[in-house]
Asks: 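The structure is given below, and queries will be raised subsequently.
Below, each value reflects all heavy atoms present in this structure, side chains not excepted, and no hydrogens, waters or symmetry copies. These numbers were taken from a predicted model, which means no experiment stands behind them.
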Amino acid sequence: MKSKVIAFCVMAAFLCAVTGTTHGAIFGPGTFVETLTSDIGTWDRIDWVPGSLTDENDTSPPDGLPDSVQFTNDGLRATELYIGGILHLELDNVPTDAGVRVDANMFQGVFNSNLREWGLQTGVYFNENNWIYLARGRDAGGGWFSIRKVDGAAPDIIDHGFVGFFDGWHMQGIELTETEINFYASPAGVDTFSGGRTDFDGQMTLDLSGMTIARPASFTGDATVLVGRGYAYANGDPGDANWDFVNPKSITIAATRVTVLPEPATAMLLISGVLVGWRPRRRAA
């Protein structure tokens, strides 16, 4: 996938320079890197559920976000998010059939409880019956978990091991190729913020090759990608099933990367210099 991404990103960067960046109904192919210090950039919205935060007033600034949610030099920070609280970024209408990858660099405070389902996640959500997340486990004695729902069956939670301390800064990513689902992560105990908040390829060095699984046939078409806290056993919006609102701690999303590969027909149009119906969106890196 890397060679296809590199070749396409060169072409995408040229097209963005020529045509400018605009909002489109479908998230266009390319690689989009955001540092979340002042706004959410490429992402469509911050999704949160009332009751998730200790301070949900909106006084300074009046931006529609609870006071517990702030943009800082570190990134998008929720200073007092309950252990079962929900707050994450969502990006809709992302094409997945040719390939998509979502990566994030995030901080999680120490929770003395099992965060298998509600730990920080990167995920791809097709509909209420088909979705998958890579989640960070509890702070001590935890690991990486993939959680998926296929064709409406009960959620399948796979413990991939890699025991370590999962508070602090970590990078994690999930990738759907045409046939597989792959997972990426930084080693436990590495400060991925100080090491370069957007150096995803350089810092996600943990060998997760054994975590590769087959891509289900129902994981097709456009999807919503998610980064942050939240989980969905029930129907409804992605990741919005509530849990116990206890033991508030902080989380921060410092940076994200979303990479979307073009469909073969789109790639041929790009190579030939003819572009029909593709609208680049916001800033690409």
Asks: Would you indicate whether the side-chain heavy atoms of Arg215 and Ile181 approach each other to under 4.5 Å?
Replies: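 Of all side-chain heavy-atom pairs linking Arg215 with Ile181, at least one is under 4.5 Å.
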Asks: Determine, using the 4.5 Å side-chain heavy-atom cutoff (strictly less than), whether Leu206 and Ile213 are members of one ILVMFWY cluster.
Replies: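 In one cluster: yes.
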Asks: Specify the closest pair of heavy atoms between Leu87 and Ala78, including all atoms of both residues, with the distance to one decimal.
Replies: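 Where Leu87 meets Ala78 most closely, the heavy atoms are CD1-CB, 4.4 Å.
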Asks: Does any donor atom in the side chain of Thr212 or Asn182 lie under 3.5 Å from an acceptor atom in the other side chain?
Replies: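 Yes, Asn182 and Thr212 have a side-chain donor paired with an acceptor closer than 3.5 Å.
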Asks: Yes or no on side chain to side chain contact (heavy atoms under 4.5 Å, CB included) for Phe126 and Ser218, after CA distance, side-chain angles and deciding distance?
Replies: CA-CA 9 Å; Phe126 292 92; Ser218 57; over 6 Å; no
Asks: Does Thr220 reach the side chain of Asp97, with side-chain heavy atoms less than 4.5 Å apart?
Replies: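 Of all side-chain heavy-atom pairs linking Asp97 with Thr220, at least one is under 4.5 Å.
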Asks: Which atom names give the shortest non-hydrogen contact between Asp39 and Gly41, and what distance separates them?
Replies: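 Where Asp39 meets Gly41 most closely, the heavy atoms are OD1-N, 2.9 Å.
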Asks: Working to the nearest 0.5 Å, report the span between CE of Met171 and CG of Asp201.
Replies: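 It is 9.0 Å, given to the nearest 0.5 Å.
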Asks: Side chain to side chain contact (heavy atoms under 4.5 Å, CB included) between Phe183 and Thr122: does it pass, once the steps are laid out?
Replies: CA-CA 10 Å; Phe183 305 94; Thr122 53; over 6 Å; no
Asks: Going by heavy atoms in the side chains, are Val94 and Val102 under 4.5 Å from each other?
Replies: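 No, too far: nothing below the 4.5 Å cut-off.
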Asks: Fit a plane to each ring of Tyr231 and Trp131, take the angle between them on a 0 to 90° scale, and name the class: parallel (under 30°), tilted (30 to 60°) or perpendicular (over 60°).
Replies: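 Tyr231 vs Trp131 ring planes: perpendicular.
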Asks: Looking only at non-hydrogen atoms, find the nearest pair between Gly119 and Ala135 and report the distance.
Replies: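 Shortest heavy-atom contact: O-CB, 4.5 Å.
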Asks: Check side-chain hydrogen bond (donor to acceptor under 3.5 Å, both in side chains) between Asp222 and all other residues, then give those that pass, not counting sequence neighbours.
Replies: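 Asp222 satisfies side-chain hydrogen bond (donor to acceptor under 3.5 Å, both in side chains) with no other residue.
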Asks: Have a look at Trp43 and tell me which of Ile253, Leu89, Leu76 forms a side chain to side chain contact (heavy atoms under 4.5 Å, CB included) with it.
Replies: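 Among the candidates, only Leu89 passes.
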Asks: Is the backbone N or O of Thr198 less than 3.5 Å from a side-chain atom of Arg257, with the two atoms forming a donor-acceptor pair by type?
Replies: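 Here the side-chain-to-backbone pair does not exist.
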Asks: Give, for atom CH2 of Trp169 and atom OG of Ser186, the distance between the pair rounded to the nearest 0.5 Å.
Replies: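 Output value for this atom pair is 11.5 Å.
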Asks: Any idea which heavy atoms bring Leu36 and Phe71 closest together, and the distance?
Replies: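 In this case the closest contact between Leu36 and Phe71 is O-CD2, 3.4 Å.
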Asks: Check whether Gln172 reaches the backbone of Leu120 with its side chain - one donor and one acceptor, N or O, closer than 3.5 Å.
Replies: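 Flag set: sc Gln172 to bb Leu120 pair under 3.5 Å.
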Asks: Given Thr205 and Val190, is the side chain to side chain contact (heavy atoms under 4.5 Å, CB included) satisfied, shown in steps?
Replies: CA-CA 11 Å; Thr205 58; Val190 175; over 6 Å; no
Asks: Would Tyr133 and Trp118 count as a close aromatic pair, with their ring centres under 6.0 Å?
Replies: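 Ring centroids of Tyr133 and Trp118 are no less than 6.0 Å from each other.
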Asks: Taking the ring of Tyr184 and the ring of Phe200, is the distance between their centroids below 6.0 Å?
Replies: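 No.
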Asks: Do Leu81 and Ser68 touch side chain to side chain, with heavy atoms closer than 4.5 Å?
Replies: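 No. Closest side-chain heavy atoms not under 4.5 Å.
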Asks: Donor-acceptor pair, distance only, cut-off 3.5 Å: does the side chain of Glu34 make one with the backbone of Ile40?
Replies: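 Flag not set: sc Glu34 to bb Ile40 has no pair under 3.5 Å.
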Asks: Once you round to the nearest 0.5 Å, how far does CD of Gln121 lie from CG of Leu226?
Replies: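 Separation between the atoms: 8.0 Å.
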Asks: Measure the spacing between CZ of Phe145 and CD1 of Ile158 and express it to the nearest 0.5 Å.
Replies: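 Atom-to-atom, Phe145:CZ and Ile158:CD1 are 11.0 Å apart.
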Asks: Are Thr37 and Arg197 close enough that some pair of their side-chain heavy atoms sits under 4.5 Å apart?
Replies: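 A side-chain contact exists here, since the closest heavy-atom pair is under 4.5 Å.
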Asks: So, taking the atom named OG1 in Thr96 and the one named CG in Leu261, what distance separates them when rounded to the nearest 0.5 Å?
Replies: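 Output value for this atom pair is 11.0 Å.
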Asks: For residues 47-54, run the donor-acceptor check on the side chains, cut-off 3.5 Å, and write out each pair with its distance to 0.1 Å, sequence neighbours left out.
Replies:
residue : atom : partner : partner atom : Å
Asp47   : OD2  : His88   : NE2          : 3.3
Ser52   : OG   : Val49   : O            : 2.6
Ser52   : OG   : Ile86   : N            : 2.9

Asks: Would a distance-only check, ignoring hydrogens and angles, find a side-chain to backbone donor-acceptor pair under 3.5 Å from Arg229 to Ile83?
Replies: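 Yes: the side chain of Arg229 pairs with the backbone of Ile83.
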Asks: What are the two closest heavy atoms between Asp237 and Tyr125, and how far apart are they?
Replies: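 In terms of heavy atoms, the two residues are closest at C-OH, 4.4 Å.
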Asks: Can you list every pair that meets salt bridge (charged side-chain N to carboxylate O under 4.0 Å, His left out) and has a residue in residues 55-80, with sequence neighbours left out?
Replies: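 Counting only pairs at least two positions apart or across chains, the salt bridge (charged side-chain N to carboxylate O under 4.0 Å, His left out) contacts touching residues 55-80 are Asp74-Arg77.
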Asks: Given side chains that start at C-beta, do those of Thr256 and Asp103 come closer than 4.5 Å, heavy atoms only?
Replies: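 A side-chain contact under 4.5 Å is absent here.
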Asks: Can you classify the ring geometry of His170 versus Trp144 as parallel (below 30°), tilted (30 to 60°) or perpendicular (above 60°)?
Replies: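 Because their plane-to-plane angle is over 60°, the rings of His170 and Trp144 count as perpendicular.
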Asks: Is a side-chain N or O of Asp191 found less than 3.5 angstrom from the main chain of Ser194, in a donor-acceptor match?
Replies: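 Between the backbone of Ser194 and the side chain of Asp191 there is a qualifying donor-acceptor contact (under 3.5 Å).
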Asks: Apply the side chain to side chain contact (heavy atoms under 4.5 Å, CB included) test between Phe27 and each candidate in Val100, Thr224, Asp92, Val258; give the one that qualifies.
Replies: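 That would be Val258.
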Asks: Can you get from Val225 to Ile46 by hopping between Ile, Leu, Val, Met, Phe, Trp and Tyr side chains that sit under 4.5 Å apart?
Replies: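 Hydrophobic grouping puts Val225 with Ile46.
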Asks: Would you say Phe193 ends up clustered with Val227 if hydrophobic residues are merged whenever their side chains have heavy atoms under 4.5 Å apart, either directly or through other cluster members?
Replies: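 Val227 and Phe193: separate clusters.
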Asks: When rounded to the nearest 0.5 angstrom, what is the spacing between CG in Asp156 and CZ in Arg148?
Replies: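 Separation between the atoms: 5.0 Å.
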Asks: If you compare all heavy atoms of Met204 against all heavy atoms of Arg101, which two are closest, and at what distance to 0.1 Å?
Replies: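 Looking at all heavy atoms of both residues, the shortest contact is CE-NH2, 3.3 Å.
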